[in-house]
Amino acid sequence: MVYEDIAANKNNTFILLFFYGILIAGLGWIIGILYGDPYTGIVIGVTASFVMTFFSYYNSDKVAILSSGAVEADRKIYPGLYYAAEGMALAAGLPAPKVYVMPSESINAFAAGRDPKHSAIAVTTGALIKLNKTELEGVIAHEMSHVKNYDILVSTVAAVMAGAVFMISDVIKRSAFRRNSGRAGLIFAILAIAAAILAPIGAMAIKFAVSRQREYMADASAVLLTRYPQGLIGALEKIKKETYPEEEYNSGMQHMYFANPFALRADNLFSTHPPLELRIERLKGNLYKENPKI
Amino acid sequence: MALTAIVLGIVFVIAVFVIGIFNKLVSLKNRNSEAWAQIDVQLKQRADLIPNLVETVKGYAAHEKETLEKVIQARAALTGAGADVAKTAAADNMLTGALKSLFAVSENYPQLKADAHFTQLMTDLSGTESKIAYARQFFNETVRVYNEYQQAFPGVIFAGMFGHTQKQFFEAPEEDKKPVSVKF
């Protein structure tokens with residue numbers, strides 16, 4: 001079953017990259033129209049989409065780590081984090097990931113990379129302070145499961161692509177009113193605004209489709225790694241008690257985190273993570289036994 | 001003519017089938033030895049920490065000779081166990097026990113406990129110990145899968161033929177399995 005998940009994740013990544021390629025080429029075309037040269041726009045758009053596709057495949061982990069503000073963890077300062085990460089890698093039979101620390105008071109973590117050999121796990125300083133050893137291992141085991149299932153490939157590529165689309169549509173929004181001579185200019189401007197609004201929505205929709213259910217899977221696999229559900233349950237319960245909103249998170253990355261920092265604002269349809277209560281309940285074993293696929 | 005084709009076809013299908021089983025057995029065996037190598041690395045790392053630990057403890061608690069001697073013996077047994085799973089497991093369990101009593105003894109020496117070097121060694125030792133536990137868990141999982149494939153059909157027909165044998169589990173220490181008893 002895990003192998004099917006891995007294959008599905010690789011397929012989804014391909015589809016995602018393809019879709020984003022078209023989206024970016026289309027955006028290039030619209031920018032071209034705005035500047036009066038649609039063909040140059042298309043050429044630039046297609047070139048950019050190729051470059052971005054390859055770039056985001058090979059460098060996605062670095063980009064994700066950079067935009068989260070995480071820095072490589074010092075082994076001397078965080079020995080426990082390294083031991084937890086290496087222990088979980090051993091339990092999963094995978095190479096040890098690179099370990100990063102994010103300065104933040106909240107409890108959170110994410111994994112990035114294109115495959116288990118190029119994986120990275122970032123943990124907030126808040127998590128390192130507030131969680132005990134078994135809880136931290138539970139969180140890292142959850143992230144390690146994402147690594148093992150190649151969830152990180154899809155989610156990291158999606159994050160980088162979404163970030164790029166946000167950036168480009170921002171450029172369109174700003175340049176939309178440049179050519180405002182006559183009716184044609186007005187129509188183009190409207191089109192451009194529509195595209196600029198639609199692009200991020202499309203980007204978000206894919207991202208959300210990518211995550212959600214896999215969180216339950218990763219929770220379940222994490223318990224298989226630690227053989228100690230109480231650790232993960234303890235961590236989730238500590239997060240539940242935290243109420244302050246997290247403004248420092250990058251919204252293009254929320255699907256990657258261990259727990260969704262925007263949970264309070266997001267509604268059910270667009271939320272990237274299942275509610276904490278359901279995750280805890282399922283870990284406690286009531287729901288999971290009845291219907292493991294939900 | 002048709003008969004030859006059918007026979008050839010059947011032979012071909014069987015050959016593909018057998019090759020599949022052969023490869024599966026090989027990859028399971030390799031995964032098992034990789035898992036073993038991982039345990040070995042962790043055990044070596046722990047063994048490397050011990051001389052340092054013994055020296056540090058000697059500085060503060062020289063007359064705890066018996067406890068220190070046990071740790072040294074267990075370490076020697078572990079390094080001498082080689083690739084024998086049962087021997088290594090026994091030596092590893094012995095070392096874990098010896099270290100436990102050493103740490104219990106260290107409770108009586110506040111100066112030792114306050115030593116920065118000793119604290120660092122404690123962190124490293126408990127970290128490696130949990131890494132060994134996880135490596136052991138994964139190793140046992142590979143043993144289970146490998147053994148099961150050899151026992152079940154169709155692996156059971158070919159496993160012996162291709163020279164595959166049942167692997168031994170890395171047994172957890174006896175005391176881990178016992179229920180915890182609290183004495184007052």
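Sequence lines set the chain letters: A, B, ... in the order given, protein chains first and strands last, and positions in each chain run from 1. Every value quoted in this text rests on a predicted model; they were computed, and no experiment measured them.
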(message) Between L94(A) and F138(B), is there a side-chain heavy-atom distance shorter than 4.5 Å?
(response) no
(request) Examine distances only and state if a side-chain atom of E171(B) and a backbone atom of A86(B) form a donor-acceptor pair shorter than 3.5 Å. (result) no
(request) Select one option (side chain, backbone, both, neither) describing which atoms of A92(A) are under 4.5 Å from chain B's heavy atoms. (result) backbone
(message) Taking the side chain as everything from C-beta on, heavy atoms only, tell me whether L99(B) gets closer than 4.5 Å to E129(B).
(response) yes
(message) At a 4.5 Å cut-off on heavy atoms, which part of E34(B) comes close to chain A: side chain, backbone, both, or neither?
(response) neither
(message) For P116(A) versus P95(A), what's the shortest heavy-atom pair and its separation?
(response) O-CG, 3.6 Å
(message) For K133(A), which atoms come within 4.5 Å of any heavy atom of chain B: side chain, backbone, both, or neither?
(response) side chain
(message) Whether the H118(A) and Y58(A) side chains hold a donor-acceptor pair (N or O, under 3.5 Å, no angle test) is what I'd like checked.
(response) no
(message) Is L224(A) close to chain B through its backbone or its side chain, or both, or neither, when contacts mean heavy atoms under 4.5 Å?
(response) backbone
(message) Less than 4.5 Å to any heavy atom of chain A: does that hold for the side chain of A135(B), its backbone, both, or neither?
(response) both
(message) Could you tell me if Q151(B) and Q166(B) have a donor-acceptor pair between their side chains, going purely by distance under 3.5 Å?
(response) yes
(message) For I39(B), is there any backbone N or O sitting under 3.5 Å from a side-chain donor or acceptor partner on Q42(B)?
(response) no
(request) Begin with the C-alpha distance, continue with both residues' side-chain angles, and end with the deciding distance and a verdict on salt bridge (charged side-chain N to carboxylate O under 4.0 Å, His left out) for E281(A) and K240(A). (result) CA-CA 13 Å; E281(A) 207 173 315; K240(A) 214 171 94 181; over 6 Å; no
(message) Using side-chain heavy atoms (C-beta onward) and a distance below 4.5 Å, is I65(A) in contact with E72(A)?
(response) no
(message) Suppose a student defines contact as a heavy atom less than 4.5 Å from any heavy atom of chain A. Which residues in residues 102-126 of chain B would they list?
(response) T123(B), D124(B)
(message) For a quick check under 3.5 Å, do E137(A) and Y228(A) share a side-chain donor-acceptor pair by atom type?
(response) no
(message) Given 3.5 Å as the limit, does a donor-acceptor pair link the side chain of N140(B) with the main chain of F170(B), or not?
(response) yes
(request) Name, in order of residue number, those residues of residues 48-60 of chain B that have a heavy atom at a distance of less than 4.5 Å from a heavy atom in chain A; otherwise write 'none'. (result) none
(request) State, yes or no, whether a side-chain contact exists between T226(A) and M144(A) at a heavy-atom distance under 4.5 Å. (result) no
